[in-house]
Amino acid sequence: MSYLGVGVSPGNVPVFHGSNLRVLDKRVRLAELILRCLICALAVVSAVLIGTDTQVKEFFTIKKRAKFTDMKALVFLVVADGIAAAYSFFQLVRCGVSMVRRSVLFNKPLAWAIFSGDQILAYLSMAAVAASVQSAVFSKYGQTELEWMKTCTLFGKFCNQIGEGVATSVAMTLSTLILSAISAFSLFRLYGDKGKETGRW
């Protein structure tokens, strides 16, 4: 059954046919392309901010250097940023090629692979950001019950740059959540179609 070019499956999943499908797919691909580019850029910026951050303080005759490897949560975040940047760049190339070829995503295994990859990326980013935010709070305010000192009172510049990196990762994580919703839409709209049309992607 169709109405105004929109097919409706027994599961009430709207499926766009013909030119309507290609217009919708073009808009989805454009949004996906922008988000993947944004995620890649934010991940690189975050990794650089955190990975290059260091500060040296001298206490009497002892020099103490603060660096991101001193906190395992920050190491986890830098690794997650690297994975996000690499994965997003790979998907960015795929999106660009598919847009140049003007192909529509009809390949369900590929759609499932993209959906799964985006979900994993979103969960990985959320976990890394959550761990880093918790560590940043302890560094900023300390923990009197455990006798943890306020590290940021000693290494202010170091903490400020780490804060910028973590904030950038938060923005990246929000972008991955939006991207996951788009990839979910791209996947599940295929199950309302009866497969009358075919595509190269």
Side-chain angles (χ1 to χ4, degrees), residues 9 11-16 20-51 68 72-135 165-195 197-201:
S9 70
N12 294 324
V13 179
V15 180
F16 295 78
N20 288 338
L21 175 61
R22 292 194 176 275
V23 170
L24 176 65
D25 192 80
K26 183 178 179 181
R27 292 175 180 174
V28 170
R29 288 294 178 87
L30 181 59
E32 181 184 353
L33 187 70
I34 293 172
L35 279 172
R36 292 194 188 282
C37 184
L38 180 63
I39 290 170
C40 185
L42 290 174
V44 170
V45 170
S46 176
V48 170
L49 283 173
I50 297 174
F68 82 100
K72 301 306 178 184
L74 295 179
V75 175
F76 179 30
L77 182 59
V78 170
V79 172
D81 285 337
I83 293 173
Y87 173 80
S88 297
F89 180 77
F90 172 77
Q91 292 290 356
L92 196 60
V93 173
R94 179 193 60 79
C95 288
V97 171
S98 65
M99 290 185 70
V100 170
R101 296 176 63 179
R102 297 181 179 178
S103 57
V104 180
L105 181 63
F106 278 99
N107 190 323
K108 290 181 181 178
L110 177 59
W112 269 108
I114 295 171
F115 170 74
S116 300
D118 291 344
Q119 289 289 313
I120 293 172
L121 178 63
Y123 284 120
L124 176 65
S125 299
M126 288 173 58
V129 167
S132 298
V133 169
Q134 184 182 43
S135 296
V166 173
T168 305
S169 290
V170 170
M172 180 201 70
T173 301
L174 294 176
S175 299
T176 63
L177 295 177
I178 299 173
L179 181 63
S180 295
I182 292 177
S183 61
F185 170 78
S186 297
L187 169 63
F188 293 113
R189 71 178 171 81
L190 298 179
Y191 286 88
D193 194 8
K194 296 184 178 179
E197 298 185 54
T198 57
R200 286 172 289 181
W201 286 79

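If you're wondering where the values come from, they're calculated on a predicted model, not measured in any experiment.
Applying the 6.0 Å contact sphere to CZ of F89 captures no more than 12 heavy atoms from other residues, nucleotides or ligands.
Atom CZ in F90 sits 10.0 Å away from atom CZ in R36 (nearest 0.5 Å). The CD1 atom of I39 sits 7.5 Å away from the OG atom of S125 when rounded to the nearest 0.5 Å. Note: S116 OG to L187 CG = 8.0 Å, rounded to the nearest 0.5 Å. In this structure, R94 CZ and R29 CZ are separated by 6.0 Å, a value rounded to the nearest 0.5 Å. One finds the CG atom of L33 at 11.5 Å from the CG atom of L38 (value rounded to the nearest 0.5 Å). The distance from the OH atom of Y123 to the OG1 atom of T173 is 13.0 Å, given to the nearest 0.5 Å.
Side-chain atoms of T168 and S46 form no donor-acceptor pair, as typed in the model, at a separation below 3.5 Å.
A donor-acceptor pair under 3.5 Å is formed between the side chain of S183 and the backbone N or O of S180.
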Worked check of side-chain contact (heavy atoms from CB on, under 4.5 Å) between S169 and D81: CA-CA 8 Å; S169 290; D81 285 337; 3.4 Å; yes
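Proximity of T176 to S88: side-chain heavy atoms (C-beta onward) are nowhere separated by under 4.5 Å. Annotation: side chain of F76 is in contact with side chain of L124 (closest heavy-atom distance under 4.5 Å).
Residues V44 and A85 share a closest heavy-atom pair of CG2-CB, 3.9 Å. The two residues D118 and Y87 come nearest to each other via the heavy atoms OD1-OH, 2.8 Å.
Contacts of I34 classified as side chain to side chain contact (heavy atoms under 4.5 Å, CB included), with partners at least two apart in sequence or in another chain: L30. Residues passing the side chain to side chain contact (heavy atoms under 4.5 Å, CB included) test with L35 are S175, I178, L179, I182, sequence neighbours excluded.
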Under 3.5 Å, which donor-acceptor pairs link side chains of residues 127-134 to any protein atom two or more places apart or in another chain?
from : atom 1 : to   : atom 2 : distance (Å)
S132 : OG     : A73  : O      : 3.3
S132 : OG     : A128 : O      : 2.9

